[in-house]
Structures are given as C-alpha cells and as structure tokens.
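Notes to accompany the following structure.
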Amino acid sequence: MSYDIQKVINIAKAEVGYLEKKSNSKLDNKTANAGKANYTKYWRDLASDMQGQPWCNCFVNWCFLKAYGKAAAKKLLCTDGGWSYYTPTSAGYFKVKRQWYTSKPQVGDIIYFKNATRIHHVGLVYKVDSSRVYTIEGNTSAGSAVVANGGGVAQKSYSLSSTSIAGYGRPNYGAQAAQAPATSTSYNKTQFIKDVQAAIGAKVDGIAGPETLKKTVTISKTKNHRHKVVLPIQKYLNTLGYNCGTPDGIAGVKFDAAVKTLQSKWMARPDGEITAKATTWKKLLGLA
C-alpha cells in the first residue's frame, strides 16, 4: 500500500500561522487567545491531558493522523504502541526500523534537530534543493535559527550542512508515482534530451533521432545503475510526476518504482528496466 506524501504536507502547510494558546480556549482559531502556555488543538486531539507541554512532536503526529488515520499514521511514524511526544524517542523508532538517514533528505521526511545535549526539536520536510532543506514545524518561530519552543507553526529552511540537524526519519510511504517531489524544478524535454546525448556520447542538439537512440544504454537498479545518464532520467521522471526522490545519479529502489509505474501507464511491460534502443527509451525521447 502507498500513501500520498503531498497529503500530509498540505495539511501541515494549512496550519502555518497557528499560535499556541494561553488557556484551553479558542483552540481552533489560528491566532485568537494566543499565549505561551502550550495549549493547542493538537494536544486536544491527541492527548488532552498533555495540554501545557511542548508540542513540536505532537504537531507532526497530528498532521499524520489527519492525513492517514490513526493506524496508518502510527505505522508511518514507526511507533509500535502509543504516540511518542518525546523527540529522542520518536527518532529512535526510525532508527530501530532502519529508516534513519543523516544526509540526502527527501520530501516527506521527518527532520530532527539537536542541541548540545540531545535531539530536541522536529519538523516535516516539504522541499529540498541543492543546498537547503525546507520544513514545516510546530512550536517554533519564523526566525532563521532552530527554535524549539517558539509557540507557532512556521515554514523554515536550513542549510543541508547545518550542524543543528541530527538526521531524518523516513516514513515508508510506498511507491509515489502520482506526484513529483517538491525538489523538482522545470526540466523540459529539450534539456533532458541534450543531457542524455551528452551522457551517452551522442551529438548534443536537443533533437532525438536514430543516432541518439542507437547510443542509449540499458539502465535499471541492477544494470548501469551509476551511469551518467541516470541523473537526467531521474530529473525528467520527477518532472513528469514519477517520484525518483532527490536526483543523485544512482538508480535505486525509487527509480525502479517510478520506471515501473511509468511503463504500466505506457502499456509497456513494467520491469523497471530502460532497455537500450527499446520502447521505454523511445517514449522518453519522444520517438514513439
């Protein structure tokens, strides 16, 4: 089963601007009754007896609950029991499941921040580019630094090399073929063809023809998976709406899933392989 990453991101984005309350009143209003007492609708919906406690992890849990329901949310967050509101514990769940990463974040990851003592803050990744990771966080502020008890929901960004980032928990959303990740930027077919031609040693003119097709190579997660042509394929598949994750030039599990889904749509045999001179290459290059 797969879960639409964009669903939880949209829910989180809709909460931007929410301010915690000074009392257990007007919890559903974004800005009314604002205060510094940690009262929120997120605690009300997940654990009303926790009102008054810091709520960054509660916010993430709440977004997943609203997006996927209780059972699926807990599965995606790797918890085997109740909700975890303590950031070191929730990070530990991902580590136990081997779904913990310290580099190359992806859209939909849970980002964990650390101070000198421990993991102390958390958010949701909604975009990644070549130098920064973009987040939606609860109980923070719009300031540029990590703010672990700021009282509101905000969109923020950090350098990928920030020493405040402890790592990323990656929910197992399953195949994400219906959407391109937020890392995608405009990457048109002409540029894709030029990049392919450069990678395979064909004439670089942005016009696919017999020579370009003749020089194509077979690409899959087991064949030529680090070939130079993998990177433009990843970028183009993302642009088409087939999620390869952050383009890194390595054909892996997400690459395989994206190619299979694309092949199924194109009525080709979904084997995850872009075979030299064959149908999938022809369709990618606009020759079929």
Side-chain angles (χ1 to χ4, degrees), residues 5-47 50-67 73 76-77 83-88 90-91 105-115 118-171 181-183:
I5 293 174
Q6 198 60 43
K7 190 171 184 180
V8 70
I9 290 172
N10 289 343
I11 286 171
K13 282 185 175 180
E15 297 303 307
V16 171
Y18 184 92
L19 300 176
E20 69 181 46
K21 313 305 175 187
K22 61 186 177 182
S23 65
N24 200 19
S25 176
K26 299 184 178 179
L27 300 181
D28 290 304
N29 189 296
K30 273 194 173 182
T31 57
N33 194 35
K36 298 182 179 180
N38 284 320
Y39 282 85
T40 68
K41 66 179 181 180
Y42 314 119
W43 278 135
R44 179 198 64 197
D45 295 346
L46 267 74
M50 294 284 285
Q51 289 283 22
Q53 298 299 315
W55 50 278
C56 62
N57 217 142
C58 176
F59 171 72
V60 171
N61 291 347
W62 184 90
C63 291
F64 275 77
L65 174 69
K66 292 297 182 181
L76 289 165
L77 294 170
W83 300 109
S84 173
Y85 305 115
Y86 187 53
T87 50
S90 63
Q106 296 181 7
V107 173
D109 281 356
I110 312 300
I111 183 171
Y112 289 88
F113 300 93
K114 62 184 178 180
N115 57 20
R118 62 171 176 85
I119 288 175
H120 71 128
H121 187 57
V122 66
L124 177 67
V125 175
Y126 74 90
K127 179 182 175 181
V128 183
D129 62 26
S130 60
S131 62
R132 301 189 70 78
V133 57
Y134 299 78
T135 65
I136 307 166
E137 303 164 31
N139 203 10
T140 191
S141 73
S144 59
V146 177
V147 179
N149 197 18
V153 179
Q155 290 179 260
K156 305 186 71 167
S157 72
Y158 308 88
S159 168
L160 289 172
S161 61
S162 171
T163 57
S164 296
I165 299 174
Y168 308 90
R170 185 160 301 155
T183 55

- Regarding Ser84 and Asn57, is there a side-chain donor-to-acceptor distance under 3.5 Å anywhere? no

Could you check if a side-chain atom of Tyr39 sits within less than 4.5 angstrom of a side-chain atom of Lys22, using non-hydrogen atoms only? no

For Tyr126 and Ile136 the tightest heavy-atom approach is CD2-CG1, 3.5 Å

All heavy atoms of Asp28 vs all of Lys41, minimum pair found to be OD1-CD, 3.7 Å

- Query: Is the side chain of Lys30 donor-acceptor paired with the backbone N or O of Val16 at a distance under 3.5 Å, no angle test?
  - Reply: yes

Of all heavy-atom pairs linking Ala32 and Lys26, the shortest is CB-CD, 3.8 Å

Margin query: With a 6.0 Å cut-off (strictly less than), is the heavy-atom count around NZ of Lys13, excluding the residue itself, greater than 12?
Written below: yes

Exercise. Is there a side-chain contact between Val147 and Lys156, using heavy atoms and a 4.5 Å cut-off?
Worked result: yes

All heavy atoms of Gly108 vs all of Ile9, minimum pair found to be N-CD1, 4.3 Å

Which class fits the ring pair Trp62 and Phe59: parallel under 30°, tilted 30 to 60°, perpendicular over 60°?
parallel

To the nearest 0.5 Å, atom CG of Asn10 lies from atom NZ of Lys66 at 15.5 Å

Between Lys114 and His120 the two heavy atoms that sit nearest each other are C-CD2, 3.4 Å

Contacts of Leu76 meeting side-chain contact (heavy atoms from CB on, under 4.5 Å) (sequence neighbours excluded), chain-then-number -> Tyr3, Phe64, Tyr68, Pro171, Tyr173

Between Asp109 and Tyr168 (side chain of the first, backbone of the second, donor and acceptor by atom type, cut-off under 3.5 Å), is there such a pair? no

So SG of Cys56 and OH of Tyr85: to nearest 0.5 Å the spacing works out to 12.5 Å

Open item on the list: Which label fits Trp55 and Tyr18: parallel for a plane angle under 30°, tilted from 30 to 60°, or perpendicular past 60°?
Closed with: perpendicular

Check your understanding: Should the pair Lys127 and Tyr134 be classed as cation-pi, given the thresholds of under 6.0 Å to the six-membered ring centre and 45° from the axis?
Key -> yes

### Task
For residues Phe113 and Ile165, determine if any side-chain heavy atom of one lies less than 4.5 Å from a side-chain heavy atom of the other.
yes

Tyr112 meets the ring pair (Phe, Tyr, Trp, His ring centres under 6.0 Å) criterion, sequence neighbours left out, with Trp100

From the list Ile111, Thr87, Val146, Asn149, side-chain contact (heavy atoms from CB on, under 4.5 Å) partner of His121 resolves to Val146

Original post:
Would you say the side chain of Ser90 lies within less than 4.5 Å of the side chain of Leu77, judging by non-hydrogen atoms?
Top reply: no

field: Lys21 and Trp43, any side-chain heavy atoms less than 4.5 Å apart
entry: no

Q: Check whether the side chains of Ser161 and Ser159 place a donor and an acceptor atom closer than 3.5 Å, and report yes or no.
A: yes

Here the gap from Leu124 atom CG to Ile5 atom CD1, rounded to the nearest 0.5 Å, amounts to 9.5 Å

In short, Pro105 meets Leu160 closest at the heavy-atom pair CG-CD2, 3.7 Å

Heavy atoms, side chains only, cut-off 4.5 Å: are Gln51 and Leu27 in contact? yes

So, does Thr135 use its side chain to make a donor-acceptor pair with the main chain of Glu137 at under 3.5 Å?
no

Do Asn38 and Asn139 have side-chain heavy atoms sitting under 4.5 Å apart?
-> yes

